[in-house]
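Since we're looking at a predicted model, the values are computed, not measured.
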Amino acid sequence: MKYIKTSLKALNGLLWLLLAVVVTALWGCGSPSGKPGAGGIAISFDDHFIKEWYELRPLFHKYNAKATFFITCPDSLNAEEVSMLKQLEKEGHEIGFHGTVHAKSTELMAAGGPKGYIEAELETGLRHMNAAGFKPTSYAHPGGNHNKRVDSVLLAKGFTVLRDVAISRRKYKGFQFYAWPPRWMNAIYYPFDGAQQVDALMIDYDEVPGEEVAEAIQEAKENGTAVMVFGHEPLYSAPQNGKYGFNVSFLAAVLREAHKQGLKFYTMSELPKTR
């Protein structure tokens with residue numbers, strides 16, 4: 001997960017500023033150069049909000065958009081949900097995998113090694129996905145938790161693209177720790193270089209202003225890259241009772257801007273195949 005992990009109590013404001021400068025230097029500013037004319041957007045959604053995603057179909061149709069849906073806990077898929085996912089797939093969307101139990105991959109790997117990790121988080125869920133007729137080739141890290149060892153196992157299991165999490169703002173007890181404009185976050189732009197490990201900007205409620213996403217879309221168009229964004233549950237008002245997700249009107253604005261700018265909509269597995 002692409003955000004800073006450390007203890008706020010251990011640092012004062014000056015150190016936070018210093019850390020921000022260091023991270024900026026390491027992460028880089030501005031999007032990379034991609035493939036001329038290939039500017040686009042790759043939208044994905046995580047977890048198990050299948051009915052809610054399915055209800056977005058008129059919005060996708062309106063802008064001729066396609067997306068990738070990363071499914072977790074596939075053992076609980078019912079017949080209606082499978083039917084919905086198959087219809088989404090038929091309409092050009094991609095069905096990806098988000099883990100069997102949505103656990104911290106690094107902890108599973110540390111506890112059971114590659115064999116234990118595969119058995120706990122991959123094999124059971126993939127068996128259910130395959131039985132339902134899906135053969136996912138893209139994987140979204142649950143909670144953005146992973147390391148090189150986890151990635152190597154996933155790639156060895158045949159996944160062609162692994163998606164991590166990028167967050168542009170971070171608050172703690174009302175204090176704005178940092179706020180990166182997405183146009184500075186080069187990790188969220190795919191330059192069509194065949195990379196299999198990528199990052200997508202989270203657009204859940206109150207995570208990033210609409211005008212900044214519009215700037216990121218323009219950046220992708222100008223540089224021939226694909227900006228990658230993702231969310232969770234579609235919401236029609238501010239989240240309540242611990243819910244997390246994106247405002248549907250915000251997604252509509254993203255799709256409208258991407259369509260207006262003439263960006264191509266990519267599924268996640270299409271990215272490394274586009275050269």
Side-chain angles (χ1 to χ4, degrees), residues 1-3 41-50 52-54 56 65-77 81 85 88-89 93-109 117-118 120-130 132 134-168 185 187-190 195-204 207-208 226-234 244-246 251 254 265-273:
M1 178 179 287
K2 295 297 186 297
Y3 65 86
I41 184 169
I43 301 173
S44 54
F45 304 97
D46 291 4
D47 292 349
H48 203 104
F49 304 106
I50 297 165
E52 293 84 354
W53 295 333
Y54 190 78
L56 296 176
K66 57 185 176 181
T68 302
F69 300 92
F70 288 108
I71 310 302
T72 191
C73 303
D75 57 312
S76 64
L77 285 170
E81 290 173 331
L85 289 175
L88 287 168
E89 190 175 55
H93 303 286
E94 178 183 0
I95 308 304
F97 189 48
H98 195 39
T100 299
V101 294
H102 201 279
K104 289 186 177 180
S105 300
T106 55
E107 293 181 358
L108 291 176
M109 183 69 77
Y117 167 65
I118 291 170
E121 187 69 310
L122 301 182
E123 286 186 342
T124 302
L126 288 173
R127 188 160 53 247
H128 284 283
M129 293 285 284
N130 295 162
F134 305 107
K135 298 186 181 299
T137 58
S138 58
Y139 184 89
H141 295 293
N145 178 267
H146 67 111
N147 56 25
K148 290 183 179 179
R149 196 178 186 196
V150 169
D151 288 355
S152 66
V153 170
L154 291 166
L155 293 172
K157 291 292 290 184
F159 288 103
T160 61
V161 62
L162 312 179
R163 201 219 69 207
D164 198 354
V165 175
I167 296 177
S168 67
M185 301 168 65
I188 68 171
Y189 296 92
Y190 194 83
Q196 294 179 284
Q197 293 149 293
V198 302
D199 305 290
L201 176 68
M202 187 160 69
I203 59 169
D204 280 352
E207 284 293 336
V208 56
V227 60
M228 296 170 284
V229 301
F230 86 103
H232 293 88
E233 181 180 7
Y244 58 93
F246 59 92
L251 174 65
V254 171
F265 289 91
Y266 293 92
T267 62
M268 295 305 298
S269 288
E270 286 178 328
L271 294 176
K273 296 177 183 177

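A distance of 12.0 Å separates CG in L88 from CD in E94, rounded to the nearest 0.5 Å. Note: H141 NE2 to Q197 CD = 7.0 Å, rounded to the nearest 0.5 Å.
A donor-acceptor distance shorter than 3.5 angstrom exists from the side chain of Q196 to the backbone of T160, with no hydrogens or angles considered. Put simply, the side chain of E121 never gets that close to the backbone of L108: no donor and acceptor are under 3.5 Å apart.
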Before you tell me yes or no, could you show the steps for M228 and L271 under side chain to side chain contact (heavy atoms under 4.5 Å, CB included), namely the whole-Å CA-CA distance, both residues' side-chain angles and the distance that decides it to 0.1 Å?
CA-CA 10 Å; M228 296 170 284; L271 294 176; 3.7 Å; yes
Could you go through the side-chain hydrogen bond (donor to acceptor under 3.5 Å, both in side chains) check for D204 and H232 one step at a time?
CA-CA 7 Å; D204 280 352; H232 293 88; 2.6 Å; yes
Would F69 and H93 satisfy ring pair (Phe, Tyr, Trp, His ring centres under 6.0 Å), going step by step from the backbone distance to the final call?
CA-CA 8 Å; F69 300 92; H93 303 286; 5.5 Å; yes
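H102 pairs by the ring-ring contact (aromatic ring centres under 6.0 Å, His included) definition with H98, not counting sequence neighbours. For T72, there are no side chain to side chain donor-acceptor pair (under 3.5 Å) partners at least two apart in sequence or on another chain. When the ring-ring contact (aromatic ring centres under 6.0 Å, His included) test is applied to F246, the partners found at least two apart in sequence or on another chain are F45.
With respect to the salt-bridge test (charged N to carboxylate O, under 4.0 angstrom), the residues D46 and R163 qualify. K66 and E89 are not joined by a salt bridge, as no carboxylate oxygen comes within less than 4.0 angstrom of a charged side-chain nitrogen.
In this structure the side chain of F134 never reaches within 4.5 angstrom of the side chain of P74, judged on heavy atoms. When side chains are defined from C-beta on, I203 does not count as touching F230, because their heavy atoms never get closer than 4.5 Å. Between S138 and F159 the shortest side-chain heavy-atom distance does not fall below 4.5 Å.
Nearest heavy-atom pair, G96 versus M129, reported as atom, atom and distance to 0.1 Å: O-CE, 3.6 Å. Nearest heavy atom pair, residue V150 against residue Y117, reads CG1-OH, 3.5 Å. What you find for S76 and E81 is that their closest heavy atoms are O-OE1, 3.7 Å.
Between L162 and the choices D199, V198, L155, the side chain to side chain contact (heavy atoms under 4.5 Å, CB included) rule is met once, by L155. Paired with I188 under the rule side chain to side chain contact (heavy atoms under 4.5 Å, CB included), one option of L201, V229, D164 passes, and it is L201.
Inspection of the S269 and T137 side chains reveals an N or O donor paired with an N or O acceptor under 3.5 Å. There is a side-chain donor-acceptor pair under 3.5 Å between N145 and T106.
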